[in-house]
Amino acid sequence: MPDASTQPPQQGMRLQLRHLTRFRYDGPVVESHNEIRLRPLDDALQECLAYELRVSPQASVSCRTDFHRNLVEHFELHQPHDCLEIEALSTVQTYPEIRPEPPANLGPETLNDPTVDGDFFDFLAESRLAPVNREIWRQAVDILGAAVTDLWRDALKLAGHIHRQFSYVPNSTAVHTDGATALSQRQGVCQDYAHALISLCRSQQIPARYVSGYFYNGNRGDQNEASHAWVEIFVPGQGWRGWDPTHDRAPDTRYVRLASGRDYQDVKPVAGHFLGRGTKAMEVEVQVCLAPPL
Amino acid sequence: MLFDSYQPENFHDEMFQSRGCPRPHYQAVMDAINGLQGSEFQQRQTAVEAAFMRSGVTFTVYSDSQGTERIFPFDCVPRVIPALEWQRVERGLVQRLNALNLFLHDLYHDQRILKDRVIAPAYLLGAKHFRREFMHSSVPRDIYVHICGSDLIRDRSGNYLVLEDNLRCPSGASYMLENRSALKRSFPELFERAGVRPVDHYPSELLKVLQHCAPAQFRGDDAPQAVLLTPGVLNSAYFEHAFLARQMGIPIVEGRDLLVRDQKVYMRTTAGPLQVDVIYRRIDDDFLDPSVFRPDSMLGVPGLVQAVRAGHVTLANSIGTGVADDKVVYYFVPKIISYYLGEEPILPNVETFLASEPTDCSFILENLDKLVVKAANEAGGYGMLMGPWASRAEIEQFRRLIEANPRNYIAQHPVSLSRHPTWCGEQFEGRHIDLRPYILCGEKVTVTPGGLTRVALRKGSLVVNSSQGGGSKDTWVLQS
């Protein structure tokens with residue numbers, strides 16, 4: 001979602017998050033299997049202080065870590081139900097980025113350095129929502145004007161191009177719109193900005209991945225737009241570093257990351273399958289606010 | 001005499017060294033058949049076909065308006081493999097499957113082979129059948145491929161080469177068994193004398209393999225409950241599914257017969273749900289579980305994948321094995337064998353060139369008129385260039401395609417498959433054949449002696465697929 005403020009906070013923040021998904025069905029659902037990716041990640045930039053998943057009707061929840069090291073919760077329901085509510089409540093402490101700016105001129109050849117450790121291979125190949133084709137490759141070459149010599153700064157050039165060319169238009173795309181479509185329509189929401197940037201990066205062999213999460217907007221605007229998506233670029237020697245193409249800036253301490261993957265398909269917050277007639281309505285409520293002081 | 005007019009021509013002929021001069025291991029077959037009139041041979045041939053039709057030994061052709069089920073044409077002259085020759089094939093297949101199982105385990109865990117740069121990661125991680133959902137998930141006894149069917153061919157000098165591996169749901173074992181019983185009925189006296197190694201134990205071996213790989217936390221003292229999961233009666237291999245389930249004495253089920261509760265799989269029975277430990281699945285990964293893979297699949301079982309992950313049920317073969325029978329990955333199998341086993345491959349691949357490796361690429365471009373070029377992600381003969389038979393324009397077109405996207409192409413020397421005398425209505429003629437042996441991986445890796453020999457029944461054709469006019473033969477591996 002777009003945000004007008006320009007001053008990033010210097011300090012870490014303690015944020016409280018609530019993410020409610022409610023399904024109302026056309027008739028009783030007799031069986032359902034669900035996968036949830038709603039627990040904030042733990043790493044140098046953020047720490048999940050508290051987390052609770054509430055499911056109604058009640059179910060026993062098991063969890064595992066997926067390929068991209070996201071936490072996935074899984075539950076089954078076997079009693080008939082007309083409505084399913086999944087509510088995730090968490091408290092997160094974010095920390096400012098302390099890594100220095102990536103050194104200049106880390107080109108694609110540095111990825112082949114055997115001392116560079118990182119699972120970036122997966123994020124070089126195209127994926128369903130971030131395809132790579134000749135037109136995308138062409139477009140990226142035109143934007144850069146030369147071969148990639150600096151993975152990080154060239155990715156930022158591509159991001160800047162998207163930010164200038166795209167207009168943020170809610171409801172102009174759908175959840176399954178891919179990066180190629182977004183690039184030709186030049187409009188969309190944060191998810192489309194992210195897929196477009198990932199497609200451009202991968203066409204130039206810059207490892208890029210999709211991040212889903214939240215953005216604290218200072219309690220202004222519509223709370224339900226606090227869900228956000230952006231991109232991370234692999235920087236040899238430093239690891240993954242975020243960039244938000246919707247705002248053309250690095251994510252700061254107002255950003256909370258839930259999961260990362262090749263594209264949206266890998267990080268769907270709620271995914272599942274049920275036996276029943278159909279879904280009448282799906283409602284999502286997301287709230288991000290400052291946690292009360294300790 | 002029936003073989004008098006037979007011409008081996010300029011091919012490797014399985015039966016004849018030269019005209020009128022059979023290889024020693026075929027002498028008995030030749031004597032038996034030479035003792036018959038053409039009409040007598042035809043009679044036995046017709047009897048077998050009628051028996052197959054009556055007992056429903058069929059396969060389904062999806063796009064055929066003549067009625068969907070057909071018998072798999074059978075040729076009464078057996079293919080004979082001498083003991084020594086087989087030993088080498090057997091060792092080669094065991095080596096290959098051991099290496100592929102180690103490879104799959106590594107690929108779905110530490111990915112050492114990628115980190116050591118033996119294979120460029122993009123080839124594997126971008127492969128259509130790589131299942132990243134199963135990274136870091138272990139399978140019982142680290143066996144990924146329980147049942148493997150590799151296709152072997154022989155070149156002009158009679159060397160066995162691996163043409164491809166089938167690591168997902170290889171089919172055809174039931175035809176191997178039916179062919180054997182048909183041949184025993186049509187040539188009982190010959191079979192008795194020849195000293196042929198039996199194949200009938202395949203179903204019981206398969207059942208042992210399934211039970212061997214039951215989940216580690218297996219719940220009781222009884223034998224693990226195995227079932228065969230079929231897509232249903234309209235599937236082209238349904239005959240085989242029913243046949244193998246019956247032979248093993250295990251239930252045959254469709255997706256709707258199973259349900260998942262608390263990450264355990266149960267079969268619906270008249271006496272209530274019965275827990276299932278091992279599933280011999282004849283359904284592709286994509287259709288297994290609509291909550292994880294294709295959401296529109298009506299064939300699968302919702303929640304099955306989570307049950308597998310929780311270690312409550314075993315799938316044979318495991319999920320994600322298809323990555324290792326990809327065309328580009330095939331190229332790397334010899335490297336895979338030496339990487340994991342430190343051995344030289346016993347059975348070589350057909351020599352293959354990857355257009356994305358620079359040295360190979362220049363070789364391919366210089367020799368387009370001599371090579372067969374295949375697109376890496378196409379199947380069924382699309383995107384293929386048969387260099388020696390192609391026009392100038394076709395060759396130039398492929399040159400441009402390869403230069404634009406080298407990663408997408410492989411090339412091979414055309415292989416002239418070995419031929420075998422085959423009954424063609426009135427006389428014997430040479431027809432091209434291949435061999436699909438069945439390799440099982442349980443407590444140890446075993447190869448059923450023989451397999452399914454497929455014949456391209458059309459004159460000159462190199463296509464042995466049953467859907468494209470292929471037939472089959474009984475395959476004899478001799479005891480000594």
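Every value quoted in this text rests on a predicted model; they were computed, and no experiment measured them. In what follows, every chain begins at residue 1, and chains take the letters A, B, ... in the order their sequences are listed.
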Apply side-chain contact (heavy atoms from CB on, under 4.5 Å) to B:H136 and A:T65, showing your working. CA-CA 9 Å; B:H136 309 303; A:T65 311; over 6 Å; no
Please classify the contact of B:R309 with chain A as side chain, backbone, both or neither, using a heavy-atom distance under 4.5 Å. side chain
Check whether more than 12 heavy atoms from other residues, nucleotides or ligands sit under 6.0 Å from atom CZ of B:R268, and answer yes or no. yes
More than 12 heavy atoms from other groups under 6.0 Å of CD on A:Q58: no
Would you compute the distance between atom CZ of A:F75 and atom CD of B:Q263 and round it to the nearest 0.5 angstrom? 12.5 Å
Looking at B:D116, I'd like to know if its CG atom is crowded, meaning that more than 12 non-hydrogen atoms belonging to other residues, nucleotides or ligands lie closer than 6.0 Å. yes
Rounded to the nearest 0.5 Å, how far does CZ of B:R132 lie from CG of A:D66? 11.0 Å
Within-4.5 Å side-chain heavy-atom neighbours: A:H78 and B:R261: yes
If you look at every heavy atom in B:V260 and A:E76, which pair is closest and at what distance? CG1-OE2, 3.6 Å
Do B:Q306 and A:S62 have side-chain heavy atoms sitting under 4.5 Å apart? yes
Please name the pair of heavy atoms, one in B:G303 and one in A:H33, separated by the smallest distance, quoted to 0.1 Å. CA-ND1, 3.3 Å
I need the residue from A:R262, A:E126, A:R134 with the largest number of non-hydrogen atom pairs under 4.5 Å to chain B. A:R262
Heavy-atom distances under 4.5 Å only: say whether A:E35 touches chain B with side chain, backbone, both or neither. side chain
Would you give the length of the straight line joining atom CG of A:D122 to atom CE of B:M135, rounded to the nearest 0.5 angstrom? 8.5 Å
